[in-house]
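Input: a single structure, listed below in structure tokens.
Fair warning: this is a prediction, and the values are worked out from it, not measured in the lab.
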Amino acid sequence: MSPHLTPRHARHAAAAVLAAVAAVALTACQEGKTTGAGHPSAATSQGAGSGDTSGDTSGGSGTAGSSQGTGGQPTAARSAASADNSSDRCTAASMQMRLGAPDAGAGNIRYPLVFTNSGKQTCTLRGFPGVSLMARDAQAIGKPATREQGAGQAVRLAPGASAHAVLHTINEGLKGSGCWKSADLVQAYPPGSKDAMTARTSGLRVCGDEFSVTAVTPGASG
């Protein structure tokens with residue numbers, strides 16, 4: 001102890017030193033707690049990020065699955081249409097479609113499905129349309145039409161000209177599988193088209209699970 005310090009001054013000095021040491025220790029302790037808390041926070045953040053990513057992927061797959069389920073029947077009808085990648089093919093955007101009057105005989109019922117070129121350029125239809133039936137609320141009825149007979153020849157349609165395919169079913173009671181609900185709408189994918197066309201119908205009802213469509217032929221029968 002310095003001879004110049006009184007005992008009182010010495011006690012004050014010692015107290016000051018102890019206070020400084022305590023402050024340093026407290027600061028070091030607090031810094032240690034902050035660093036320790038930082039690591040768990042980072043781990044939690046990475047875990048949440050991984051969980052979010054997994055959730056997005058699962059949600060995306062779930063959404064895709066739901067979409068496929070909802071559009072299964074129309075998708076099957078599109079697949080049933082003949083493939084055609086030719087540059088002169090008729091598209092849904094350049095045509096109009098209507099369902100003609102039924103022709104019944106010998107237990108069979110046939111409906112002409114008429115496609116008319118409403119565009120300004122000549123185009124061509126080749127093969128089978130993909131056809132399905134729907135209720136007024138756009139719910140699918142039954143299954144898409146199967147193909148009947150051969151693929152036929154390409155049909156060139158000048159502006160205003162028409163071609164038709166024939167939808168076929170049978171009378172009630174000829175087969176024991178009963179009848180489908182009566183359709184309000186006919187949906188068709190022209191050959192080679194990814195876009196559908198829709199026409200109204202009244203009373204079209206498939207019986208015996210017999211529902212087929214021919215390839216397009218020239219003219220507007222019905």
Side-chain angles (χ1 to χ4, degrees), residues 73-119 121-135 138 140-171 174 179-222:
Q73 211 260 19
T75 299
R78 183 174 65 187
S79 300
S82 295
D84 185 4
N85 295 319
S86 58
S87 59
D88 67 337
R89 69 183 183 278
C90 298
T91 64
S94 64
M95 290 191 295
Q96 294 180 346
M97 184 182 78
R98 65 178 177 86
L99 188 68
D103 179 16
N108 296 288
I109 307 174
R110 293 180 170 86
Y111 295 81
L113 187 63
V114 181
F115 299 93
T116 301
N117 182 1
S118 59
Q121 303 293 329
T122 297
C123 62
T124 303
L125 286 175
R126 300 174 176 85
F128 296 87
V131 183
S132 59
L133 303 178
M134 297 189 300
I141 296 175
K143 57 188 179 181
T146 58
R147 294 182 179 183
E148 180 179 322
Q149 302 177 3
Q153 301 294 320
V155 180
R156 289 183 60 80
L157 297 180
S162 298
H164 72 281
V166 177
L167 304 182
H168 171 236
T169 187
I170 61 176
N171 285 336
L174 290 183
C179 299
W180 302 352
K181 176 182 176 181
S182 294
D184 297 297
L185 301 168
V186 175
Q187 184 182 70
Y189 289 86
S193 176
K194 295 182 179 180
D195 297 316
M197 304 180 71
T198 303
R200 294 181 180 179
T201 177
S202 59
L204 196 166
R205 185 174 64 157
V206 170
C207 293
D209 287 334
E210 293 286 340
F211 184 43
S212 61
V213 62
T214 68
V216 294
T217 57
S221 176

Which heavy atom in [X] sits nearest to a heavy atom in [Y], and how many Å separate them?
X	Y	value
S182	I141	O-CD1, 3.6 Å
A81	G130	CB-N, 3.4 Å
A165	P129	CB-CG, 3.9 Å
P191	L125	CD-CD2, 3.9 Å
P144	A77	CG-N, 3.8 Å
R98	A199	CA-CB, 4.0 Å

Starting at [atom1] of [X], measure out to [atom2] of [Y] and round the result to the nearest 0.5 Å.
X	Y	atom1	atom2	result
L204	T169	CG	OG1	7.5 Å
H168	T214	NE2	OG1	11.0 Å
L99	T198	CG	OG1	12.0 Å
D88	R126	CG	CZ	4.5 Å
T91	K194	OG1	NZ	13.5 Å
L167	S212	CG	OG	8.0 Å

Are side-chain heavy atoms of [X] and [Y] found at a separation under 4.5 Å?
X	Y	answer
S82	R147	yes
P159	T122	yes
L157	C90	yes
D184	T201	no
H164	S162	no
V186	Y111	no
Q121	S94	no
V213	E148	no

* If you measure from the Lys or Arg side-chain nitrogens to the Asp or Glu carboxylate oxygens, is any gap between R89 and D84 under 4.0 Å? -> no

* **NZ/NE/NH1/NH2 to OD/OE distance under 4.0 Å, K143 and D209** => no

* **Polar side-chain atom of S193 near backbone of D195 as donor-acceptor pair, under 3.5 Å** =>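 Answer holds: yes.
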
* To do: Determine, stepwise, if the pair V166 / Q149 fulfils side chain to side chain contact (heavy atoms under 4.5 Å, CB included).
  => CA-CA 11 Å; V166 177; Q149 302 177 3; over 6 Å; no

* Are V155 and F115 close enough, and set up right, to give a side chain to side chain contact (heavy atoms under 4.5 Å, CB included), and what steps lead you there? -> CA-CA 11 Å; V155 180; F115 299 93; over 6 Å; no

